[in-house]
2 protein chains.
Amino acid sequence: VENTQIDIAEAEDFVRQHHAEHPDLGPVEARLAEVHAEIAATGTYRHTTAELTFGARVAWRNSSRCIGRLYWRSLKVRDQREVSAPADVAAECVEHLRVATNKGKIRPVITIFAPAEPGMPAPQILNEQIVRYAAYRGTDGGVLGDARNLALTELALKRGWQPPATRGPFDVLPLMVSCEGHEPALVDIPADAVLEVPLSHPELPWLGALGVKWHAVPAISNMRLRIGGIDYPSAPFNGWYMGTEIGARNLADHDRYDLLPYIAKRMGLDMSSEATLWRDRALIELNRAVLHSFGEAGVTITDHHTESQRFLTHLEKEEAAGRSCPADWSWIVPPVSGGLTPVYHRYYDSGELLPNFFPAAKTGCPVVH
Amino acid sequence: VENTQIDIAEAEDFVRQHHAEHPDLGPVEARLAEVHAEIAATGTYRHTTAELTFGARVAWRNSSRCIGRLYWRSLKVRDQREVSAPADVAAECVEHLRVATNKGKIRPVITIFAPAEPGMPAPQILNEQIVRYAAYRGTDGGVLGDARNLALTELALKRGWQPPATRGPFDVLPLMVSCEGHEPALVDIPADAVLEVPLSHPELPWLGALGVKWHAVPAISNMRLRIGGIDYPSAPFNGWYMGTEIGARNLADHDRYDLLPYIAKRMGLDMSSEATLWRDRALIELNRAVLHSFGEAGVTITDHHTESQRFLTHLEKEEAAGRSCPADWSWIVPPVSGGLTPVYHRYYDSGELLPNFFPAAKTGCPVVH
Ligand code: HEM
Ligand code: HEM
């Protein structure tokens, strides 16, 4: 084990920030003394429930790639720090999904598992999101399913996952969780925990017959949450979808479901040249289908115009609170009609604030990379 | 006059680069000696024709916001360094427009006027582009024309410009050129020098009846060209349009012609909520109209899909030549369907290379700002 003691300055900054933003907590000195003593004795310290909640919410507030930050205070924090055994982590991920789904009225939720402590290995979720669709390479080289998950699917198969008898384009992958010193887990997600929305279109009936669907809850499960010097490598979190994530990326990207050429053909568009903008037209109809279908199904979703407006409101509020709000233009501006959204026509603060979420460490998972 | 001598190091870097990229020019030492002597004697130096041509082309190559750089070697350079009197500058801008228009087969052209020399004031073109449409504020507070040009229009009127008897949304503004020590010029651009394309749509006949049009040649006229330490404050340049510049910005931006609500209404779209994506649908049809109309009129234009592909080709070529190619993601990714273009899915070198184009200095024009 390399790091035997956490970064005291970072811990102190965080505790001070927590108190500064919550004057009701009283003077910070007593808590600082506690934290110092605990670090001196154990190399680390344990967040209070209030600190954990505040830290997770501020990590969201500081996520410079996230356009959905207006509601950062509403994040529901599930404290599962006692859980580190892979099978238990997987089971709690399923529970996370149920709590977040809430019959379609999606709730932003984070579940925080055991931290990385000196000498204590922490669990690591290998799935990028809790719900991911499998990808199978056919004998012709084509891919059935979400090509983004080819490696994850391969790993699941190697570890003994039994795919459905008839493989389909939307087979939910099992959760895979590792933790040094434990048996790795491979746990199927019960079908009734995964709310899915079948796609249909307000005017194009054939689109509803394609059998395309998407899951309701985007829950990123492989990012590391860092609060006050402490790493939580397993801390899946979710909001609700912005339609373009599904309609302009997951179902449209060339290396994902790549549906646009097919949709354009079915729409009868002139595909003889790029200048007919057939891609753009198919894209808009696919995105209409996504927003329409989630709406019909009563599943929370947002469109990129509304969400851009909300983000500007968030910026105003942060400014009024005297805080910098770093934002990454290339992630904030939506992939559809960027120029139409007000977030396009301005610059943002840059910089990286703490607490925050970080990409899974390359070394965190000895199997996948 | 503050700067009495130009930056020798920058001059030397440029001359070395010119020779390095043109081995046929032979050893650089003789030319360097000449340049040093000339700077010592006069405080500046005069570019050879070859240097001026190379410098302007490389300034384009280094324009990190420009997606159209694949053809940088084809830039036609018009050497008008002897011209500094405002009326003559204006007349040569008109001539630039004719050369560039080429009956619709647009040619990338730059016209380079007198440089800024120690003690010698250079001309400054006040118009942002050679062709700009006037904007008039109505008594109801509304704007007729291109709201972006309200200040420029006001200035023209103050200087005695006679707008058409019946003011319209597409009245071409006069060229305004200043130069210390000279009478400022206000010169109408002859109608036959301004090729314009009336907008029509392949399927929506009413769109063709709206009387919307745009000019064929985008010629930026207020950026400063800097080559080897020498500033050319007046060096208008043009390429051809990428359709989105007209269809997604000039005609669509809220603070420009703001046509989308009107087009959506005429299309009969459901505008009751953002989630119907009526803005996006109107946007695509407007952009189809632009590409269709320029095509029908035989005027060179490019679409954002094709141009994105070309830009990646350019990057490959630059890499193969061992050169860095700085690019500004937020300018390179088009404002329509960004996620569909390959330029979206990667990062770029940053940094600012010389020669290059720079925004008009705030102090360059004592009148407008
Ligand atoms: C409540 C509704 C939410 C919406 C509409 C929303 C929207 C988005 C969108 C559109 C992206 C870009 C995704 C992409 O292009 O791949 C994003 C990224 C991100 N969001 Fe949110 N978000 C929400 C909630 C949350 C929550 C609850 C958290 C954390 C607690 C969060 C943290 C992040 C982070 C860390 C990223 C960057 C992910 C990465 O680097 O791959 N968001 N969000
Ligand atoms: C040949 C066809 C060309 C195409 C299709 C093209 C395309 C574009 C586009 C789409 C932009 C962004 C404009 C905006 O969003 O306002 C741009 C910016 C720019 N281009 Fe090009 N371009 C071309 C030729 C040229 C030429 C000939 C030059 C100079 C010699 C040039 C220099 C620049 C510069 C300096 C900018 C940034 C302008 C600013 O900062 O406002 N381009 N170009």
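Not measured: the values here are computed from a predicted model.
- Contacts from residues 324-336 of chain A to chain B, taken as heavy-atom pairs separated by less than 4.5 Å, involve A/Trp329, A/Ser330, A/Trp331, A/Val333, A/Pro335, A/Val336 in sequence order.
- Within residues 341-350 of chain B, the residues having any heavy atom less than 4.5 Å from a heavy atom of chain A are, in residue-number order, B/Tyr344, B/His345, B/Tyr347.
- Contact of A/Leu283 with chain B is made through the side chain alone, with heavy-atom distances under 4.5 Å.
- Nearest heavy-atom pair across A/Asp280 and B/Leu340 is N-CD1, 4.0 Å.
- Against chain B, the residues from residues 246-267 of chain A that qualify, each with a non-hydrogen atom under 4.5 angstrom away, are A/Arg249, A/Asp253, A/Leu260 in number order.
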Apply side-chain contact (heavy atoms from CB on, under 4.5 Å) to residues B/Arg281 and A/Glu285 and explain how you reach the verdict. CA-CA 9 Å; B/Arg281 293 172 76 191; A/Glu285 298 315 322; 3.8 Å; yes

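- A/Ile284 CD1 to B/Arg279 CZ: the interatomic distance, rounded to the nearest 0.5 Å, is 13.0 Å.
- Heavy-atom proximity under 4.5 angstrom to chain B picks out A/Leu291, A/Asp303, A/His304, A/His305, A/Thr306 from residues 290-312 of chain A.
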